[in-house]
Each structure stands twice: as C-alpha cells, then as structure tokens.
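A short worksheet on the structure shown next.
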Amino acid sequence: MPELPEVETVRRTLESLIKGKKITQVVISYPKIIHMDQALFQKKIVGQTIQDLDRMGKYLIWKLDQDVLIIHLRMEGRFYIKKEDVPLSKHEHVGFHLSSGEVLTYHDVRKFGTMDLLPIDNYLQLDPLNRLGKEPKDLTYDAFYEKIKKRHTEIKAIMLDQSVIAGLGNIYVDETLFQAKVHPERKGITITKNEAIKLLDAARWVLNEAIKQGGTTIRTFQAMDGVHGRFQNELAVHTKVSKPCPICQTPIIKIKVKGRGTYVCPNCQT
DNA sequence: ACCACCTCCTGATCGC
DNA sequence: TGCGATCAGGAGGTGG
C-alpha cells in the first residue's frame with residue numbers, strides 16, 4: 001500500500017512524465033473516485049496545465065493553473081502512461097488526456113482512491129488536508145510527545161493517525177516500532193519522553209531509507225508500470241512472520257492490533 | 001476530546 | 001473441484 005515513500009516515488013516519476021503538460025480531456029468510468037460532480041470536474045480541469053507535483057504525507061498534489069488536484073492512492077492506486085488513446089481497461093477509472101497526445105490513466109482495483117479538485121488559493125484550509133498532521137521530519141519531539149502521552153489507545157494506532165503524524169502506513173509503522181524497540185500494543189500514556197524521541201527518530205530514518213530505495217514494492221503496489229522500489233529487501237519485521245529477528249534471531253510473530261496485521265519481535269519490542 | 005466500530009471494494013485465500 | 005465465506009486495509013463517518 002502506498003505510504004509516504006511510495007507516494008514520493010510516484011511524485012518523482014510523474015514529475016518527469018507530465019509536468020508542464022496541459023490536460024485536454026478527462027474520461028471517467030467510475031465517478032465515485034472524484035469528490036465532485038463529474039461534469040463540473042471535467043469543466044474545471046480541462047485546459048489547465050500541470051505546473052508542479054507536490055506531496056504532503058501520503059497525498060499526491062498536482063498544482064494546476066487555478067486549482068490543485070489532491071490524490072490519495074489508498075491501497076492500490078497507480079498510474080499508467082499510454083502513448084495513444086486506448087479504451088480504459090477494467091481497473092482504470094480515470095484517463096487524463098495530455099497535450100503531448102499521451103493519456104495518463106488512474107488504475108485502482110479496489111476503487112478506494114480519492115481525488116479532490118480544490119482552489120489553489122486555500123486548499124490547505126480545506127478537507128482533506130486541513131486535518132493532516134506534520135510529517136516526521138517536520139514534527140518536533142515535544143509536539144509529538146504531547147500528542148501521545150495522554151492517550152489510552154495503542155501506540156501503533158496513534159502512529160497510523162494521520163492527524164498526529166503524516167505518512168506512516170501499516171508497513172512503516174511496524175518497521176518504526178521495531179527500530180525504536182517499542183511494542184505496538186503499548187498505550188500512548190505509557191510511552192516515556194525518551195521512547196517518543198526514539199520513535200520519531202526511527203520514523204524519520206525508516207522513511208528516509210525507504211525513499212532512497214524508491215519505496216517498497218509489496219503485494220500489489222508498484223509506483224508505475226516498470227517502476228519497482230527495493231525497500232522490501234530492507235524490511236526487518238513486516239511480512240517476516242517466523243523469520244529470525246535481525247537483532248536477536250527470535251522468530252517474528254504476527255498479531256492483530258486494532259484489526260491491523262502487525263509484525264513484531266516479541267523479544268526486542270517491549 | 002477520545003475511542004470503538006462500521007463502511008467502502010474486489011482479488012486472494014480459506015473451509016468444507 | 002467447486003463455491004460461498006472470510007480477509008486485507010486508509011481514512012471518513014457514526015455513535016457512545
């Protein structure tokens with residue numbers, strides 16, 4: 001599932017493919033992806049040029065002339081670039097025709113992805129970005145600790161909460177907790193200041209390493225056709241059930257935390 | 001404010 | 001082998 005490093009990889013890939021091109025037509029086969037009346041969306045976006053590609057947390061942001069297109073890939077969203085106009089396939093739900101003659105298609109088997117077209121003047125004050133917290137690199141230790149120290153829910157659930165800290169999903173939160181040697185079921189209220197510092201440092205390190213590796217290609221995720229990340233080779237715990245912990249060799253176990261599949265070293269993480 | 005639970009969606013996997 | 005049931009999961013919505 002695309003988390004911050006995967007979305008960053010998509011952003012960089014799209015930057016070289018679509019930046020500076022004008023949207024000449026939009027074809028939509030599954031309108032629920034777009035949080036706006038389909039006809040209005042087409043009317044507003046056609047004619048605008050993709051000036052820049054940005055990202056906040058797991059959100060991909062296309063900066064256009066008057067508006068921004070805010071895209072969340074959720075679990076399986078991905079893009080394909082086509083050299084010519086061909087019909088959308090079963091799992092392609094939106095096709096952006098570009099001034100270059102190419103078509104960028106949005107592909108999403110589970111149809112969970114979202115697109116919001118908002119004014120470039122005030123999109124940060126509007127749903128969905130108005131709720132988004134800071135990324136680990138921008139969050140201070142004090143602010144992070146203040147957000148977790150009184151909470152009675154599991155630290156894993158807190159760190160998946162995008163209003164607390166933006167960018168972590170199920171893979172990187174498991175890796176972060178492992179690096180910080182914190183058990184995912186610890187309640188926020190039990191986390192010490194020192195552990196909060198370790199958690200934030202671990203989140204920064206894990207995300208940076210993953211970005212360097214082009215993200216994690218896992219299950220169904222890939223950035224674009226032919227673009228594969230390599231961070232799956234660096235994972236210490238996620239998907240490693242029964243494999244030896246890289247630190248202590250204890251077999252990694254899989255548990256459920258708040259309904260999420262969770263991988264943990266039962267010896268290192270306390 | 002906080003928290004548990006439900007929903008969306010479909011391919012893969014499970015159980016009989 | 002077949003087929004219905006269950007699972008996976010990010011984040012918004014609901015209700016306590």
Side-chain angles (χ1 to χ4, degrees), chain A residues 1-8 10 28-36 55-61 70-78 88-94 106-116 118 123 125-136 143-177 184-191 203 207 210 215-223 232 235 237-241 253-264:
Chain A
M1 53 303 302
E3 305 178 31
L4 188 154
E6 289 73 39
V7 180
E8 177 61 19
V10 172
I28 302 166
S29 64
Y30 186 76
K32 283 180 72 175
I33 296 279
I34 296 161
H35 292 169
M36 177 187 284
R55 180 191 57 70
M56 291 179 67
K58 305 177 197 174
Y59 290 91
L60 178 68
I61 302 168
I70 301 168
I71 301 165
H72 198 301
L73 305 171
R74 292 294 177 92
M75 267 75 76
E76 303 190 11
R78 63 175 78 160
L88 293 178
S89 68
K90 181 180 178 185
H91 297 304
E92 290 174 322
H93 310 305
V94 185
Y106 177 71
H107 180 287
D108 187 348
V109 171
R110 292 195 185 162
K111 303 179 176 173
F112 273 16
T114 61
M115 297 186 188
D116 288 272
L118 299 173
Y123 68 98
Q125 279 70 52
L126 304 173
D127 181 88
L129 297 183
N130 60 352
R131 280 189 288 272
L132 193 63
K134 290 182 177 177
E135 295 182 8
F144 179 55
Y145 182 55
E146 289 301 312
K147 287 197 173 201
I148 64 180
K149 71 176 189 182
K150 290 180 180 168
R151 297 191 54 178
H152 291 260
T153 196
E154 292 89 340
I155 186 65
K156 172 163 180 177
I158 298 173
M159 295 190 72
L160 285 171
D161 181 342
Q162 302 298 300
S163 71
V164 171
I165 184 167
L168 296 173
N170 208 34
I171 297 173
Y172 297 118
V173 78
D174 280 1
E175 295 298 312
T176 294
L177 288 161
E185 290 177 308
R186 289 271 302 283
K187 307 293 193 236
I189 197 168
T190 73
I191 300 294
L207 294 176
T216 301
T217 300
I218 188 170
R219 293 194 190 166
T220 55
F221 175 75
Q222 62 184 73
Q232 64 273 16
L235 296 174
V237 289
H238 196 81
T239 72
K240 304 295 186 183
V241 63
I253 59 170
K254 184 178 184 182
I255 60 175
K256 284 251 186 193
V257 179
K258 279 277 169 47
R260 303 278 184 253
T262 301
Y263 300 85
V264 51

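Convention: sequence-line order gives letters A, B, ...; per-chain numbering from 1.
Rounded to an integer number of Å, the gap from CG of A/Leu168 to P of C/dG9 is 15 Å. Put simply, CG on A/Asp116 is 13 Å from P on C/dA11, counting in whole angstrom units. With rounding to whole Å, A/Arg131 atom CZ is found 8 Å from C/dA11 atom C1'. When the C1' atom of C/dA11 is taken as reference, atom NZ of A/Lys156 falls 15 Å away, rounded to whole Å. Across the protein-nucleic acid pair, A/Asp174 atom CG and C/dG10 atom P stand 10 Å apart, rounded to whole Å. Look at CG on A/Asp127: it is 7 Å from P on C/dG13, rounded to the nearest Å. The interatomic distance linking A/Leu160 (CG) with C/dA8 (C1') rounds to 14 Å, in whole Å. A straight line from CD of A/Gln162 to C1' of C/dG12 spans 13 Å, rounded to a whole angstrom.
Side-chain contact, A/Lys256 with A/Thr262: no donor N or O sits under 3.5 Å from an acceptor N or O. In this structure, a donor-acceptor pair under 3.5 Å is present between the side chains of A/Glu6 and A/Tyr172. There is no side-chain donor-acceptor pair under 3.5 Å between A/Lys254 and A/Thr239.
For A/Tyr59, the side-chain atoms get nearest to C/dG12 when compared with the rest of C/dG10, C/dG12, C/dC7.
Here A/His72 does not reach the OP1 or OP2 of C/dG10: none of its side-chain N or O atoms lies under 4.0 Å away.
Across all non-hydrogen atoms, the minimal contact from A/Phe112 to A/Met75 is CD2-CE, 3.1 Å.
Residue contacts for A/Gly261: at a heavy-atom cut-off of 4.0 Å it reaches the sugar-phosphate backbone alone, with no base atom in range. Contact annotation for A/Arg260: base contact, defined as any heavy-atom pair under 4.0 Å involving a base atom.
A donor-acceptor contact shorter than 3.5 Å links the side chain of A/Gln162 to the backbone of A/Gly167. No donor-acceptor pair under 3.5 Å is formed between the side chain of A/Asp108 and the backbone N or O of A/His91. No donor-acceptor distance shorter than 3.5 angstrom exists from the side chain of A/Thr153 to the backbone of A/Lys187, with no hydrogens or angles considered.
Looking at A/Asp174 and A/Lys156, a side-chain N of the basic residue comes within less than 4.0 Å of a carboxylate O on the acidic one, giving a salt bridge. A salt bridge is defined here as a Lys NZ or Arg NE, NH1 or NH2 lying under 4.0 Å from an Asp or Glu carboxylate O, and A/Glu8 with A/Arg55 meets this definition.
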Using a 4.0 Å heavy-atom cut-off, write out nucleotides 8-13 of chain B from 5' to 3' as B (base contacted by protein), S (sugar-phosphate only) or - (no contact). BBBS--

How would nucleotides 2-7 of chain B be written as a contact map, 5' to 3', with B for base contact, S for sugar-phosphate-only contact and - for no contact, using protein heavy atoms under 4.0 Å? -SS---

